[in-house]
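Everything on this sheet refers to the single structure shown next.
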Amino acid sequence: MPELSLSEAIAEYVRDGQTLALEGFTHLIPFAAGHEIVRQGRRDLHLVRMTPDLVYDQMIGAGCARALTFSWGGNPGVGSLHRLRDAVENGWPAPLTIREHAHAGMAAAYTAGAANLPFGMLRGSLGTDLPRVNDEIRFVTCPYTGETLTTVPALRPDVTILHGQRADRRGNVLMRGIVGIQKEAALAARILLVTVEEIVEDLGAPMNALVLPHWVVTAVSWVPGGAWPSYAQGHYPRDNAFYQVWDGISRGRESFTRWMAHHVLGTIDHADFLRSLEAGSATAEEEAAR
Amino acid sequence: MSETRPWTPDEMMTVAAARLLWDGCVCFVGIGLPSAAANLARHTHAPDIVLVYESGTIGVRPDVLPLSIGDGELAETATVIVSLPEVFAYWLQGGRIDVGFLGAAQMDRFGNLNSTVIGDYSRPRTRLPGAGGAPEIATHAKRTFVVLKQSPRSFVPKLDFVTSAGFFEGHGGRSRAGAPGAGPRVVITDLGLLRPEPDSEELVLAARYENVEVDEIRRATGWPLRTADSVDVVAPPTDEELHILRDLHERTRRAHSRPAPLPV
């Protein structure tokens, strides 16, 4: 397992047109990796993520995506993801094909991918219109009871990218706190890239902790603060104020583009990105909200 | 509402929802008003209520309300944190949730809900966040409480999209389809409470808030709303309820408006 800089890892493993999952349920969202993908100008990606959150709002608005598979697409506790909505409602900056599930179905799809099964199964989507708009949601008859159960095809991303608190020198990765779908997304993928807050000699993992062993990790990158404005339990809190500020920044195409140009495209890496935020606001919307 | 009262419609809704929860009940909570109601209940009559958030945080006791479903506050105060496949498969589908809270953009007279899209799905007028945990909460929670402000735009004769099922077309449709939970037992609005009528399972007006007239509630409903045999009046919020709720909101507002230090 090599330790690479984030820009090396993205350059080496992320290609145009791939199916890509950046996971982390509210917690440990790999923002730095998303920004690096934007910097390197990847296109035509099929993005997969249960909650697209700000990271996919930014990548979609920056023109990286042709398709999105998801299960809840809002700014949690705040409102809409305006760039996602603009892509779906108006095709800006490019048309976006969407495939949507409910959380339970998407969790089952990742679990099936990790377990090398063709589909995941649940008692789901009863009485809903979801199967009408997503023809991948289908039904089987239980061979034991005869009842009808819902199926979803396995999710097998080309690349999954996660953020964790800690790795050791061999590349074993420790995550703690809300672990969401991390393990399933990791083991469902062909390539697994992980960014971490710190790299240490001894992982110090408690028994039964969530550890991804080095031999399932393709590359580790040391990116402190790499989950901001989401959070890393034990390192820094979720920046709820920024999630609210984002509503104003992302509402208009122009202020969004200016923010991305200044803070993401105008910086060389994540440390530079964080410095640019500390130095000041790129948009009037951000300034007003701060 | 015709006259000024010392509480807001949101506060009345939150208090009305909190009172429906009981001590020890296991409650699957969404963000926003349900989260405020569940925590108000915990701070008043239901200290041992078990709050489950879909981020896999079980038995949480937050000091401030979370902005997102997965704030650190939830993880830090949880009895146990489980993964997403586990929270949906073992805890929700496993039948361990007494009450699931649901909100939506639209509801029909049988408590079916839309949180996906306004207008045509392929050419939406407004794209909403989508399903999240709602369809399976609606299916598997032993009962659901729906929280939704009442207007002809939200209480509609026909949904643009069915995201989560209530009673289907009523008249036993839900149980014939094999849904394990009992469905929406109550709808808490800013004007009163709706409950399903026994046989038809159509939602009817069961209670109104003080000084809200039945006609006003009918006008705020997009179908001909019928009333239960007797329409109760919900007692207004007590001073204690208002004090605790406002304190909780004030702590929350302060916590969420404070920019977190950048991790540099």
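Within every chain, numbering begins at 1; the chains are lettered A, B, ... in the order of the sequence lines, protein sequences first and strands thereafter.
Only the backbone of B:R125 comes within less than 4.5 Å of a heavy atom in chain A; its side chain stays farther off. With a 4.5 angstrom heavy-atom cutoff, B:E73 does not touch chain A via any of its atoms. Of the two parts of B:T163, only the backbone, made up of N, CA, C and O, holds a non-hydrogen atom closer than 4.5 Å to a non-hydrogen atom of chain A. Of the two parts of A:Q233, only the side chain, counted from C-beta on, holds a non-hydrogen atom closer than 4.5 Å to a non-hydrogen atom of chain B. With a 4.5 angstrom heavy-atom cutoff, B:T57 touches chain A only via side-chain atoms. Heavy atoms of A:R176 lying under 4.5 Å from chain B are absent altogether. Residue B:T126 touches chain A through both its backbone and its side chain, counting heavy-atom pairs closer than 4.5 Å. The parts of B:F161 that come within reach of chain A are both its backbone and its side chain, each placing non-hydrogen atoms under 4.5 angstrom from that chain. For chain B, no part of A:A108 is nearby; none of its heavy atoms comes within less than 4.5 Å. Neither the backbone nor the side chain of A:Y110 comes within less than 4.5 Å of any heavy atom of chain B. In this structure, chain B has a heavy atom under 4.5 Å from the side chain of A:M50, while its backbone stays farther away. Contact annotation for A:H270: neither backbone nor side-chain heavy atoms come within less than 4.5 Å of a heavy atom of chain B.
Expressed to the nearest 0.5 Å, how far OG1 of A:T128 lies from CG of B:L159 amounts to 11.5 Å. Remark: B:L262 CG to A:Y236 OH distance equals 10.5 Å, nearest 0.5 Å. Of the inter-residue distances, the one linking B:L67 atom CG with A:D239 atom CG reads 10.5 Å to the nearest 0.5 angstrom. Between B:N114 atom CG and A:D129 atom CG the span is 8.5 Å, to the nearest 0.5 Å.
Under the 3.5 Å distance criterion, the side-chain polar atoms of A:Y231 are matched with a main-chain donor or acceptor of B:G72. For A:H235 (side chain) and B:P263 (main-chain N/O), no donor-acceptor pair under 3.5 Å exists by modelled atom type. No donor-acceptor pair under 3.5 Å is formed between the side chain of B:Q93 and the backbone N or O of A:L122. In this structure a side-chain-to-backbone donor-acceptor pair under 3.5 Å is missing from A:N240 to B:H256. A donor-acceptor distance shorter than 3.5 angstrom exists from the side chain of B:E136 to the backbone of A:S125, with no hydrogens or angles considered.
Here the side chains of A:V88 and B:P124 are in contact, with some heavy-atom distance below 4.5 Å. Side-chain contact between B:P85 and A:E184 is present, with heavy atoms from C-beta onward closer than 4.5 Å.
Comparing A:G180, A:S230, A:G79, A:G225 by heavy-atom pairs within less than 4.5 Å of chain B, the highest count is held by A:G180.
Residues B:R127 and A:E100 are paired through a salt bridge, judged by an N-O separation under 4.0 Å between the basic side chain and the carboxylate.
Shown here for B:G133 and A:H103, the closest heavy-atom pair between the two residues is N-CD2, 3.4 Å. Closest of all the heavy-atom pairs between B:P129 and A:G74 is CB-N, 3.9 Å. Contact between B:A131 and A:L130 at its shortest, heavy atoms only, is CB-CD1, 4.1 Å. Nearest heavy atom pair, residue A:T26 against residue B:S68, reads CG2-OG, 2.9 Å.
Within 6.0 Å of CD on B:E169 lie no more than 12 heavy atoms contributed by other residues, nucleotides or ligands. Annotation: B:D199, atom CG; neighbour count of heavy atoms from other residues, nucleotides and ligands within 6.0 Å does not exceed 12.
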